Amino acid sequence: MKRLEKLYEGKAKVIFKTDNPDLVIQYFKDDATAFDGVKKDTVNGKGVANNSISSKLFELMKKNGIETHYEEKLSDNEMLVKRVEIIQTETIVRNISAGSFCRRYGFDEGVEFEAPTVEFSYKSDEYHDPLMCDDHIRVMGLATEDEIFQMRTMALKINQILQTFFDSIGITVVDFKVEFGRYKGRIILADEISPDTCRFWDKVTKKKLDKDRFRYDLGDVEETYAEMMKRIGD
Ligand code: UDP
């Protein structure tokens, strides 16, 4: 599949056209950003790791009945994906308290929830990804009630699939963010699933195995992406 002109460049990925209008190439960069792009650096090997990890996890989703935009891994940094219209909300699932949940409510980190929570935020660096309720998503015209229902249902199923898999390799899925896209009238999983978009803790050592190592300067950043690639099975 030939890579044509750049369609879009985000903070961690670049999307290129191909000669098939339904397919685009998603290129994973080594660039890392946090706090709405205020903290920036390069993490060597992150692009390769996230491409590999996302490819594996999208294949896992497909095997378990979740439709994704993933077609195939093309190279170390590139995957071929369906061209979707990204819904401008981020869907976040939490199993254990961490991150913005703790900051927002003054809540301790590491408290296990009785059942997972699902929340939506507005995908906007300018407005700092504010939390959104269903009604606001609807009145802003970002998604319909049915689409919101589908995103919530799919996100919870994705959580179960991830928890089962990561449990088998000794990792706890603390929380994660997914993005959905519209494709030929359907809602499908898009973007990526990687240590950039999930919080993973080692079950035994409790070591953080995700982007929090970069966000909070915890050290071992490059090593952690490489370790996650290895544990997920490259
Ligand atoms: N997340 C993400 N992109 C965002 C915001 C959050 O991938 O723009 C992921 C984040 O890595 C974590 C989960 O979503 O796994 C929940 O993030 P949270 O709301 O706690 O925000 P943060 O602490 O990352 O600011």
Side-chain angles (χ1 to χ4, degrees), residues 8-13 26 28-41 43 46-47 49-51 53-54 57-58 61 68-69 86-113 115-133 136-137 142 151-152 154-156 158-163 165-166 171-181 189-202 206-218 221 224-225 228 232:
Y8 170 81
E9 179 156 4
K11 285 174 288 187
K13 299 187 293 296
Q26 180 160 263
F28 288 76
K29 301 191 279 188
D30 281 348
D31 298 359
T33 64
F35 313 119
D36 301 322
V38 171
K39 181 178 166 79
K40 282 188 207 144
D41 210 338
V43 176
K46 180 171 84 75
N50 282 356
N51 187 37
I53 293 166
S54 276
L57 296 178
F58 281 142
M61 291 302 144
T68 78
H69 71 157
I86 291 283
I87 296 177
Q88 296 301 312
T89 57
E90 301 187 334
T91 307
I92 293 169
V93 178
R94 300 179 192 274
N95 297 305
I96 295 176
S97 60
S100 72
F101 184 91
C102 299
R103 290 198 301 277
R104 194 180 309 127
Y105 306 122
F107 201 85
D108 285 345
E109 183 186 78
V111 177
E112 207 169 313
F113 298 150
T117 67
V118 182
E119 75 202 44
F120 297 102
S121 64
Y122 182 32
K123 213 171 123 56
S124 161
D125 277 347
E126 192 186 350
Y127 295 103
H128 311 292
D129 295 352
L131 198 60
M132 287 188 107
C133 65
H136 293 176
I137 296 173
L142 302 180
M151 292 194 287
R152 183 176 276 117
M154 284 172 80
L156 286 170
I158 291 163
N159 186 43
Q160 282 178 350
I161 300 165
L162 289 177
Q163 282 189 310
F165 171 72
F166 280 98
I171 291 170
T172 303
V173 178
V174 175
D175 59 28
F176 64 89
K177 180 265 309 187
V178 279
E179 293 182 23
F180 294 96
L189 177 62
D191 193 50
E192 67 181 299
I193 308 180
S194 74
D196 274 8
T197 61
C198 305
R199 283 197 171 90
F200 296 123
W201 293 351
D202 185 279
K206 307 285 177 209
K207 184 177 176 184
K208 292 180 162 71
L209 300 170
D210 54 61
K211 194 168 136 182
D212 273 353
R213 304 211 73 79
F214 167 77
R215 287 190 187 98
Y216 302 111
D217 297 316
L218 303 177
V221 181
T224 297
Y225 282 91
M228 285 301 285
I232 291 165

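One-based numbering, in listed order, for ligands and for the atoms of each. It should be emphasised that the depicted structure is a prediction, and the values quoted were computed from it without experimental measurement.
- In this structure, D212 pairs ionically with R199, as a charged nitrogen and a carboxylate oxygen lie closer than 4.0 Å.
- K208 has a carboxylate O that lies under 4.0 Å from a charged side-chain N of E109, or vice versa, which qualifies the two as a salt bridge.
- With a 4.0 Å cut-off on non-hydrogen atoms, S100 touches ligand 1 through its backbone as well as its side chain.
- The D196 neighbourhood of ligand 1 comprises atoms 7 (O), 11 (O), with distances under 4.0 Å to a heavy atom of that residue.
- Taking every heavy atom of C198 and a limit of under 4.0 angstrom, the matching atoms of ligand 1 come to 11 (O), 15 (O).
- Using a cut-off of 4.0 Å between Lys/Arg side-chain N and Asp/Glu carboxylate O, R94 and D175 are scored as salt-bridged.
- Look at K177 and D191 and you find a salt bridge, because one of the NZ, NE, NH1 or NH2 atoms lies within 4.0 Å of a carboxylate O, short of that distance.
- When the heavy-atom distances from atom 4 (C) of ligand 1 to H128, R104, E90, E109 are ranked, the shortest goes to E90.
- A donor-acceptor pair shorter than 3.5 Å can be found between the side chains of S194 and E192.
- The residues D217 and K39 are annotated as salt-bridged, a charged nitrogen and a carboxylate oxygen being separated by less than 4.0 angstrom.
- In this comparison of R199, R215, K11, the heavy atom closest to atom 23 (O) of ligand 1 sits on R199.
- No part of K211 comes within 4.0 Å of ligand 1, judged by heavy-atom distances.
- Short contacts between ligand 1 and G99, defined as distances under 4.0 Å to a heavy atom of the residue, involve ligand atoms 20 (O), 23 (O).
- In terms of protein heavy-atom proximity, atom 15 (O) of ligand 1 is nearest to D175 OD1, 2.6 Å.
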Inset, instruction - Output, in order, the C-alpha distance, side-chain angles, deciding distance and verdict of ring-ring contact (aromatic ring centres under 6.0 Å, His included) for F101 and F113. - result: CA-CA 12 Å; F101 184 91; F113 298 150; 5.1 Å; yes

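- With atom 8 (O) of ligand 1 as the reference point, the heavy atom nearest to it among V173, V174, D191, D129 is part of D129.
- When the heavy atoms of K177, R103, R94 are ranked by distance to atom 14 (O) of ligand 1, first place goes to K177.
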